[in-house]
Amino acid sequence: TAQSAAELARQHREAEPIPPRQLNPALSPELERIILKVLSKEPSARYRTADQLGRILMNLQEGAAQEAAAPPKTPRAEKAAPPPQVFAPPEKPASDPLAVDWPTTLLALLALIAVGGLLPFWMWVYFRFR
């Protein structure tokens, strides 16, 4: 919450969100990590696609369902089971900001040549019918 729209916009850009487990202690640490990644201010720190997020949430749900379906542990078997693994693809290293995107540069150059080549034609048509 904020007193003005400008302050609210500033909070959206700069303020870190409240950890979800402070609002709901029943959330698992894995789900909290996923939520905080979705709310990340830096776009490169978020999931790249909705499909990727969906697969991670499905893995988390399957792990919770398997844990719930497991038979109750007897007092003799007090060994703690490891938490379900949530796999995310490895993060892509940051690219060089000064690197040239050659395909885009080539397409821009071709567009410039095409427009420049049509300019004399347009002038001829203009003067011809004027």
Side-chain angles (χ1 to χ4, degrees):
T1 58
Q3 297 296 326
S4 68
E7 175 63 20
L8 184 62
R10 186 198 63 76
Q11 286 180 357
H12 277 285
R13 284 189 320 268
E14 299 170 3
E16 290 298 320
I18 299 170
R21 291 185 74 196
Q22 283 184 2
L23 301 173
N24 183 359
L27 288 177
S28 68
E30 295 87 9
L31 183 57
E32 180 182 45
R33 183 184 55 77
I34 292 169
I35 292 170
L36 289 175
K37 187 168 182 173
V38 168
L39 294 175
S40 174
K41 302 294 178 193
E42 182 64 33
S44 63
R46 298 181 209 140
Y47 295 106
R48 285 184 171 62
T49 63
D51 181 54
Q52 181 185 20
L53 174 61
R55 283 185 280 130
I56 289 172
L57 289 173
M58 286 175 57
N59 288 341
L60 181 67
Q61 183 180 18
E62 287 172 5
Q66 289 175 356
E67 189 176 298
K73 296 181 179 172
T74 60
R76 287 187 282 149
E78 277 297 320
K79 193 174 187 181
Q85 294 287 332
V86 178
F87 296 101
E91 293 295 327
K92 182 178 164 187
S95 62
D96 182 15
L98 299 177
V100 178
D101 184 11
W102 289 111
T104 304
T105 305
L106 180 64
L107 287 174
L109 184 61
L110 286 173
L112 185 64
I113 290 170
V115 170
L118 290 174
L119 190 59
F121 175 71
W122 293 335
M123 290 175 60
W124 176 78
V125 169
Y126 176 77
F127 289 118
R128 174 83 173 160
F129 294 106
R130 187 170 172 236

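Remark: Phe129 pairs with Val125 by the side chain to side chain contact (heavy atoms under 4.5 Å, CB included) rule, at least two apart or across chains. Residues forming a side-chain hydrogen bond (donor to acceptor under 3.5 Å, both in side chains) with Arg10 (at least two apart in sequence, or on another chain): Glu7, Glu14. For Gln22, the side-chain hydrogen bond (donor to acceptor under 3.5 Å, both in side chains) criterion is met by no residue, not counting sequence neighbours. Every side chain to side chain contact (heavy atoms under 4.5 Å, CB included) that Leu27 has, sequence neighbours left out, goes to Pro20, Arg21, Asn24, Leu31, Ile35. Residues passing the side chain to side chain contact (heavy atoms under 4.5 Å, CB included) test with Leu53, sequence neighbours excluded: Ile34, Val38, Tyr47, Leu57. Listed by chain and residue number, Lys41 satisfy the side chain to side chain contact (heavy atoms under 4.5 Å, CB included) test with Glu16 (two or more places apart in sequence, or in another chain).
Applying the 6.0 Å contact sphere to CD of Gln11 captures more than 12 heavy atoms from other residues, nucleotides or ligands.
Atom CG of residue Asp51 and atom CE of residue Met58 lie 9.5 Å apart, to the nearest 0.5 angstrom. Rounding to the nearest 0.5 angstrom, the gap separating the CG atom in Leu60 from the CZ atom in Arg33 is 8.5 Å.
Evaluation of the side chain to side chain donor-acceptor pair (under 3.5 Å) test over residues 99-122, restricted to residues two or more places apart or in two chains, returns Asp101-Thr104.
A pairwise comparison of heavy atoms in Ser40 and Arg46 identifies O-NE, 2.8 Å as the closest pair.
Taking Ile, Leu, Val, Met, Phe, Trp and Tyr as members and joining any whose side-chain heavy atoms lie under 4.5 Å apart, directly or through other members, the hydrophobic cluster of Leu23 also contains Ile18. The hydrophobic cluster of Val115 has no other members, since no ILVMFWY side-chain heavy atom comes under 4.5 Å of it.
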